[in-house]
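Heads up, the thing below is written out as structure tokens.
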Amino acid sequence: MFTNMVPNLGKVMSRYGFLFVQGLGYTLLLSLLTVLGGTVFGSLLALMRRSRHALVRALATAYVEVVRGTPLLLQLYFFYFMLPELLPMLNLSKFVSITIALIFNSSAYVCEIVRAGIEAVDFGQTEAARTLGLSAGQAMTRIVLPQAVRNILPALCNEFVAVIKETSLASTFFVGDLMTQYNVIRGNLFLVIEPLLVVGVIYFALTFSLSKLIAMLERRLKAGD
Amino acid sequence: MIEVVNLTKQFGDLQVLRGINEKVEKGEVISVIGPSGSGKSTFLRCLNLLEMPTSGQVIFHGVDLTGKGVDIDRHRQRMGMVFQHFNIFPHLTVKENVALAPVMLRKRGKQEMDQYALELLNRVGLYDKRDEHPRRLSGGQKQRLAIVRALAMDPEVMLFDEPTSALDPEMVGEVLAVIQGLVENGMTSIIVTHEMGFAREVSSRVLFMDEGLIEEAGTPEQIFGHPSSHRTQEFLSKVLR
Ligand SMILES: Nc1ncnc2c1ncn2[C@@H]1O[C@H](COP(=O)(O)OP(=O)(O)O)[C@@H](O)[C@H]1O
Ligand SMILES: [Mg+2]
């Protein structure tokens, strides 16, 4: 098996190289949409968790607990089957359904990131702002959030890296990401290991370099404190 | 100007304030002294409702601040507060720290406030630092900045909660000098402090707090010279030694 590895790799790359590029594109698109959507809804959830109204808080908490307490794959299945049933008139493609599912999932994690980022800002900052006469909302937007962003941004980037890996589960539904392409190539060439190696290298190169970038960003933000 | 009626505050089972009655007139300079944990900070923080009193009233210019529907943000604009740990906004420059609230709350236009901020900074010797980030300031400079940040709102009364307790000893003097300058210009002030010499010098009245009550109140002469309460005597003998 291993004797043929090098020529097999050559075969995989020459015939299907473009599929990897395409898969990488889909993986990145899926991850980006997930984190962007997750950031919007996750921030909303974080604000809900800090709401004055107990019911609003309870709803947000329940959401986060349910998402974190069930497998992502289950959630993907759920949205994949449920969304077209619930909204037949929208004619959602499976890519969109899966993206929504991933956003649903990521929102819960982003919520906790945002919440932790806000709570890491010394409460004295809020008190100082409030004693000057700023309202709770003004203190949040002008004093707390700008400081929280420094804690939140690196954690959000890490979430992006985590999501890149998690999107591989979406290949169960053949949405065109890297793992989908692996399955396609494996089926065409009857080669199991070689295309897997290529996909693995791509994933690793992506997440490793991103992690290094994030570490740099973090140092920058800290230095600018 | 401020009247406190039967003020109590409880944190869970802990009774921190147990019925405080006090009146602060315009122009008064009141020092609050007492052992740590006696409720001085809580008392001060109840005055602008940073802590919500459990019962009792805080009447500011005739309005009970604890009442329903009171726009506390508006009243807080007229009560400046300075904290032990400065609470300077680290993401803003020195000048922005001063100018943010007055501009945001439309107390002054941006141009006018820029001018006024520089004037205030100049008054406390921070003009040269106007465009720096606060992390470059010493503790004493941060506290002077915190004072002018509060002054920028043109408050009618200033509340100080141990403004020099977090400072290195060599920086205490510069901050006390700024506060002294303020009160000599007639700023109504309530100062929680452990600086007994300072309290004696600048106050028109001294309150000695113990276990959630004002145990004794009087002129600095009375409190420091001839304290009548046994507890006051005991406290002073410990701190003045
Ligand atoms: N937010 C709070 N929650 C619970 N206990 C508190 C809180 N703030 C103060 N206390 C308690 O109230 C008591 C009085 O505190 P404080 O007013 O800070 O006293 P002082 O300023 O005189 O040292 C202390 O026992 C303190 O632990
Ligand atoms: Mg205190």
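Letters A, B, ... are given to chains in the order of the sequence lines, protein chains preceding strands, and every chain is numbered from 1.
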Atom pairs and distances, side-chain donor-acceptor, residues 114-121 of chain B, under 3.5 Å, sequence neighbours left out:
residue   : atom : partner   : partner atom : Å
Tyr116(B) : OH   : Asp154(B) : OD1          : 3.4

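- When side chains are defined from C-beta on, Glu127(A) does not count as touching Met81(B), because their heavy atoms never get closer than 4.5 Å.
- Under the 4.5 Å side-chain criterion, counting only non-hydrogen atoms from C-beta, Leu100(B) is in contact with Leu134(A).
- When all heavy atoms of Gly133(A) and Gln77(B) are compared, the closest pair comes out as CA-CG, 3.8 Å.
- With a threshold of 4.5 angstrom between heavy atoms, Met79(B) approaches chain A through N, CA, C or O but not through any side-chain atom.
- Rounded to the nearest 0.5 Å, atoms CZ (Arg142(A)) and CD (Glu96(B)) are 9.0 Å apart.
- Annotation for Leu132(A) and Arg149(B): closest pair CD2-O, 3.7 Å, computed over non-hydrogen atoms.
- Between Ile88(B) and Gln125(A) the shortest heavy-atom distance is O-NE2, 2.8 Å.
- Note that OG of Ser135(A) is 8.0 Å distant from CG of Leu105(B), once rounded to the nearest 0.5 Å.
- For the atom pair CZ (Phe123(A)) and CG (Asn87(B)), the distance works out to 10.5 Å, reported to the nearest 0.5 Å.
- The nearest pair of heavy atoms linking Ile143(A) to His91(B) is O-CE1, 3.6 Å.
- Considering all non-hydrogen atoms of both residues, Arg76(B) and Arg130(A) come closest at CD-O, 3.1 Å.
- For the residue pair Phe89(B) and Ala128(A), the shortest heavy atom distance occurs at CE2-CB, 4.0 Å.
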